Structures are given as C-alpha cells and as structure tokens.
Amino acid sequence: MSPRRSHRRGAGTATEGQEWPPEDVRSMEQSVGRAPSVHNTQPWSLVFGGRTASLYERAEVSLEQHDPEGRDRRISCGAALTNLFLAVRATGWDVELRRGPGPEEPDLVGVVTGTARREPSVLEGQRFRAITRRSSHRRPFHEEGLAHVSRETLLAAGGSSGVGARWVTGTAEARHVAELLGYAARVHKKDRHYQRELAMWMTDRSGRASGAGSGFDGDDLVGEGVPGVGLTTSGTRLPEQGRLAEWIAEESVMVLCTDSDEPSDHFRTGEALELAWLTATSLGLVASVITQPLHLAEVRRGLRERLGLAGEPHVLARFGHPAPVPGQRRG
Ligand SMILES: Cc1cc2nc3c(=O)[nH]c(=O)nc-3n(C[C@H](O)[C@H](O)[C@H](O)COP(=O)(O)O)c2cc1C
C-alpha cells in the first residue's frame with residue numbers, strides 16, 4: 001500500500017468553475033509526495049474540494065521505537081504543507097493558509113485555499129522547482145564552508161512560521177552537540193528493538209522495505225562524518241568524540257526550536273525545515289536532517305541547557321556544498 005495516496009472528495013458547495021484542473025491536482029500530489037518524511041513514511045493524506053486542498057496527518061503511521069510520540073510524523077506533515085503551499089502558488093493562485101490542528105480536526109495539518117489569481121514570485125518559483133531536486137545528502141560536505149549570505153538566507157527561511165532557528169557556533173557548542181549526539185548514538189545502537197524496527201524501513205537492493213511503506217535506502221547511511229550519528233544503525237562505526245566535534249564545527253548545523261512543544265509546533269517546525277531545505281537546494285546546496293538523537297528527552301534537555309535555547313529543539317539540519325567526489329572522506 002502506498003502511503004502517498006490522496007483522496008478526491010466531491011466539490012461540496014463549490015461550483016464547477018472552482019474545481020482544480022487535473023494537471024494542478026497532479027502537481028500538488030507530486031509535490032506533497034516529494035516532501036521529506038521520517039523513514040520516508042509519507043504519513044499524510046491530501047483531500048481536494050472546490051478550490052481548497054487539505055492536508056491531514058495519518059496518525060496510524062506509527063514508528064513505535066523511533067518516534068513513539070509522533071513528533072517526527074508531525075514534522076514530516078509540516079514539510080508536506082510547505083510543498084503543498086508552493087505547488088498551489090505555482091498554479092498561479094494566491095493562497096490563504098489555515099493551519100491545524102483544530103479541536104474538531106486533531107489530524108488537520110492545514111487547508112490551502114486558492115483565493116484569486118496571482119503569479120508566484122521569483123523566490124516561490126525557485127523554491128517550487130527545488131522540490132523535485134531536494135534529497136537527503138548524508139555524506140560529508142565539500143570542505144568549503146557556506147558564504148555568510150547563504151547562512152543568513154537559510155537562517156531566515158528556518159526561522160519562518162514562528163520557529164526559532166540558530167546555528168551551532170564555535171568549538172564549545174560543537175563539543176556539547178558532539179557529546180549529546182555520541183550519547184544518543186550509543187543508546188540507539190545497542191537497543192535491539194529499536195534496531196529491528198529501523199531495519200524494517202531500510203530498503204533492500206530491489207528498493208523494497210519490509211516495513212509498511214516506501215522506506216529509505218540503507219546504503220545511504222555511509223556512517224561517515226556527522227551523518228554517522230544522525231541515523232545510527234547496529235553496524236555504524238561511531239566516530240571518536242573529538243573528531244565528531246571538529247566535523248560539527250566545520251559544518252553549518254542549524255537547530256530549529258519552538259517556544260512550546262505542542263503538535264502545532266511540530267507542524268510549524270516541519271514547514272520551516274522544508275522552506276530552509278528548498279532554499280538551500282535552490283542555491284545549489286545540499287542538506288540532511290538529524291532528529292534520531294532528539295527523540296531522547298535528555299538529549300533535547302541537554303541541547304536546551306548547553307546551547308541556551310529559549311525553546312524546545314526538534315531538528316538539527318546540516319547544510320553545505322556537495323563534495324565533488326561522492327563519499328569522499330575529509331582529511
Ligand atoms: C521529521 C524528519 C526526521 C528525519 N530524521 C532523520 C534522521 O534522524 N536521520 C537521517 O539521516 N534522516 C532523517 N530524515 C530524512 C528522511 O529519512 C528522508 O527525508 C526520507 O528518507 C526521504 O528521503 P529524501 O529526503 O532523500 O527525499 C528525517 C526526515 C524528516 C522529515
């Protein structure tokens with residue numbers, strides 16, 4: 001069963017002239033289907049009616065070991081909402097966005113309504129076109145760091161939708177983050193139940209996962225550099241902590257956090273994450289996301305205290321230039 005399904009509903013009160021044309025529906029479905037999601041579970045559904053497109057969380061998509069509270073599922077849905085928003089703008093409609101969840105719709109991520117004809121801006125067009133090019137880049141980056149202007153641009157995108165974004169800065173912060181990521185990696189590596197579930201979501205050579213959905217490529221987990229502690233498998237060789245701290249200090253690692261820790265905060269974090277990721281892609285940069293360690297409450301607490309964060313951290317996102325040779329090890 002593909003978790004990527006969308007459902008078309010009758011137009012309700014809409015007149016015929018207000019229906020989305022089939023090509024717009026296809027574009028919205030494809031854009032939402034390209035959003036990043038935890039273990040590539042794509043835990044959402046899309047409902048069309050009149051001139052609206054509504055995105056719902058599929059709470060039944062559960063990762064009991066990896067994501068027992070559904071935090072990542074909701075962040076994934078938020079990322080899909082950003083893609084939906086951009087896809088509607090790309091059709092030339094101005095957009096009204098009503099965010100969920102609501103008291104009667106706890107699974108509502110958001111409703112996007114086309115209100116009047118308005119061409120997308122250049123920036124929206126660039127971000128929309130980046131949707132098909134974005135992917136997780138779990139390899140070390142090129143040693144050239146990001147230009148100041150790129151870091152500022154990414155920070156502005158990550159800090160949208162009411163989410164706080166800041167870079168991990170300096171060697172002391174990098175050491176703190178390395179210590180917390182190293183701790184989480186050791187916990188996850190030796191947890192057999194956790195590892196069994198993770199293995200179910202990794203695809204085999206035929207591209208299939210034994211889990212209930214699409215899954216992700218296990219070969220992608222090269223275990224080198226910072227990403228090695230970003231999704232730790234039973235086979236990951238954990239880096240020495242001092243080296244990990246150096247890698248973190250060399251990369252651009254963004255922390256996304258919110259004042260509170262409600263489902264709506266997770267949705268908003270996903271929106272901001274995807275906006276930053278698409279912005280990076282449109283600039284020719286690459287990125288990968290790290291949430292696995294943040295599923296441990298003590299790691300989130302440690303990040304909050306040691307980095308002096310004002311709110312609850314949800315995601316670490318690393319951004320950089322792609323290395324010229326894939327998988328190239330840095331010196
Ligand atoms: C909420 C969320 C959490 C994620 N957590 C991790 C993570 O901890 N480590 C990792 O390597 N990738 C993580 N990912 C990346 C997903 O595995 C990836 O988006 C998915 O497999 C689809 O692949 P793609 O990003 O290349 O399209 C996460 C993605 C999302 C949206």
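This one's a predicted model, so the numbers in the text were calculated from it and none came from an experiment. Every number for a ligand or one of its atoms is a count from 1 in the order of the listing.
- Heavy atoms of Arg134 approach ligand 1 to within less than 4.0 angstrom.
- Heavy atoms only, all atoms of each residue included: Leu285 and Ser150 are closest at CD1-CB, 4.3 Å.
- Contact annotation: for Arg34 versus ligand 1, there are no heavy atoms closer than 4.0 Å.
- Using a 4.0 Å cut-off between heavy atoms, Ser37 contacts ligand 1 through its backbone alone, with no side-chain atom that close.
- No donor-acceptor pair under 3.5 Å is formed between the side chain of Arg318 and the backbone N or O of Val253.
- Contacts between Ile290 and ligand 1, counted as non-hydrogen atom pairs separated by less than 4.0 Å, involve the backbone only.
- Within the 4.0 Å heavy-atom shell around ligand 1 one does not find Pro227.
- For the pair Arg118 and Trp93, the cation-pi test (distance below 6.0 Å, angle within 45°) is failed.
- Ligand-side atoms of ligand 1 in range of Phe216: 21 (O), range being under 4.0 angstrom from any heavy atom.
- Within ligand 1, counting atoms from 1 as listed, the ones closer than 4.0 Å to a heavy atom of Ser76 are 1 (C), 31 (C).
- Side-chain N or O atoms of Glu197 include one that pairs as donor or acceptor with a backbone N or O of Gln65 at under 3.5 Å.
- Among the atoms of Trp277, none of the N or O lies under 3.5 angstrom from an N or O of ligand 1.
- Trp247 and Leu316 fall within a single hydrophobic cluster, where Ile, Leu, Val, Met, Phe, Trp and Tyr side chains are chained together by heavy-atom contacts under 4.5 Å.
- Applying the 6.0 Å contact sphere to CZ of Arg192 captures no more than 12 heavy atoms from other residues, nucleotides or ligands.
- Test His66, Glu64, Lys189 against Tyr194 for side-chain hydrogen bond (donor to acceptor under 3.5 Å, both in side chains) and you get one pass: His66.
- Ring planes of His39 and Trp201: tilted class, angle from 30 to 60°.
- Looking only at atom types and distance, the side chain of Asp94 has no donor-acceptor partner in the side chain of Thr115 under 3.5 Å away.
- Considering backbone and side-chain N/O atoms, Ser135 never comes within less than 3.5 Å of an N/O atom of ligand 1.
- Every heavy atom of Ala79 sits 4.0 Å or more from the atoms of ligand 1.
- For ligand 1, one of its N or O atoms has an N or O atom of Ser136 under 3.5 Å away.
- A cation-pi contact, defined as under 6.0 Å to the ring centre and within 45° of the axis, links Arg151 to Trp167.
- Against a heavy-atom cut-off of under 4.0 Å, Gln292 is close to the following atoms of ligand 1: 8 (O).
- Residue Leu231 has no nitrogen or oxygen atom sitting less than 3.5 Å from a nitrogen or oxygen atom of ligand 1, judged on distance alone.
- Between the choices Val38, Val289, Ile75, the shortest heavy-atom distance to atom 7 (C) of ligand 1 belongs to Val289.
- At the shortest separation from atom 9 (N) of ligand 1 among protein heavy atoms lies Gly230 O, 2.8 Å.
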